[in-house]
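See below for the structure under consideration.
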Amino acid sequence: MSEFCTQHPLLSYTIAIVILLSAMLALGAATGMRRVGAARGRSMDVPFESGMLPVGSAHLRVPIHYYLVAMVFVIFDVESVFLFAWAPVSVAAGWRGYCAVLVFILFLFGALAYLWRWGGLDWGPKPRRIAPRHVGQAAGTGGV
């Protein structure tokens, strides 16, 4: 058997996983509690089986800003992974590597500034803009 495992490691791994999953499913079916009919109770049919009856609908409308902030977070989080990967080799990369990372960081700051200016990081309602009055115009005269 050990000769087979050394020659076919992927097949051995697959067989081991199938045996493990089968054993787990069989033990769960053999030891699990089965309730049928009235013994199930009302809480067994509600979502999550938490014992609390749900109130209202499960369909919530989430504002689009939530998704925008989540996408921006993921994008900047992935780019921080690139910086963490660069840090251990920073000495070996030399000045050329340092300049490349500096340009990368400048692009990140530029993207963040653009996003900030565009309003992609603002949460909540937009403030209403009031048109500025001219200097010579009174409040109720209409400017005539």
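Predicted model, so just to flag it, every value in this text is computed and none were measured.
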Extract all donor-acceptor atom pairs below 3.5 Å that involve side chains of residues 86-93 and protein atoms in other chains or at least two apart in sequence.
residue	atom	partner	partner atom	Å
Ser90	OG	Ala87	O	3.1

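Distance check, rounded to the nearest 0.5 Å: CD1 of Ile105 to OG of Ser80 gives 11.0 Å. Taking CD1 from Ile15 and CG from Leu20, the interatomic distance works out to 13.5 Å, rounded to the nearest 0.5 Å.
A search for side-chain contact (heavy atoms from CB on, under 4.5 Å) contacts involving Ile17 returns Tyr13, Leu21, not counting sequence neighbours. Phe76 is linked by a ring pair (Phe, Tyr, Trp, His ring centres under 6.0 Å) to nothing, counting only residues two or more places apart in sequence or in another chain. Applying the side-chain contact (heavy atoms from CB on, under 4.5 Å) rule to Phe73 yields the partners Asp77; only residues at least two apart in sequence or on another chain are considered. Partners of Phe104 under the side-chain contact (heavy atoms from CB on, under 4.5 Å) rule, at least two apart in sequence or in another chain, are Glu79, Phe82, Leu83, Leu108.
Val81 is not connected to Leu102 by any chain of hydrophobic side-chain contacts under 4.5 Å among Ile, Leu, Val, Met, Phe, Trp and Tyr, and they are in different clusters. One hydrophobic cluster, built from ILVMFWY side chains closer than 4.5 Å, holds both Trp95 and Val101. Tracing side-chain contacts under 4.5 Å through hydrophobic residues (I, L, V, M, F, W, Y), one reaches Leu115 starting from Val78; they form part of the same cluster.
Using a 4.5 Å cut-off between side-chain heavy atoms of Ile, Leu, Val, Met, Phe, Trp and Tyr, Phe107 falls into a hydrophobic cluster with Val103.
The aromatic rings of Tyr114 and Trp118 sit parallel to each other, their planes meeting at less than 30°, with 60° as the upper class boundary.
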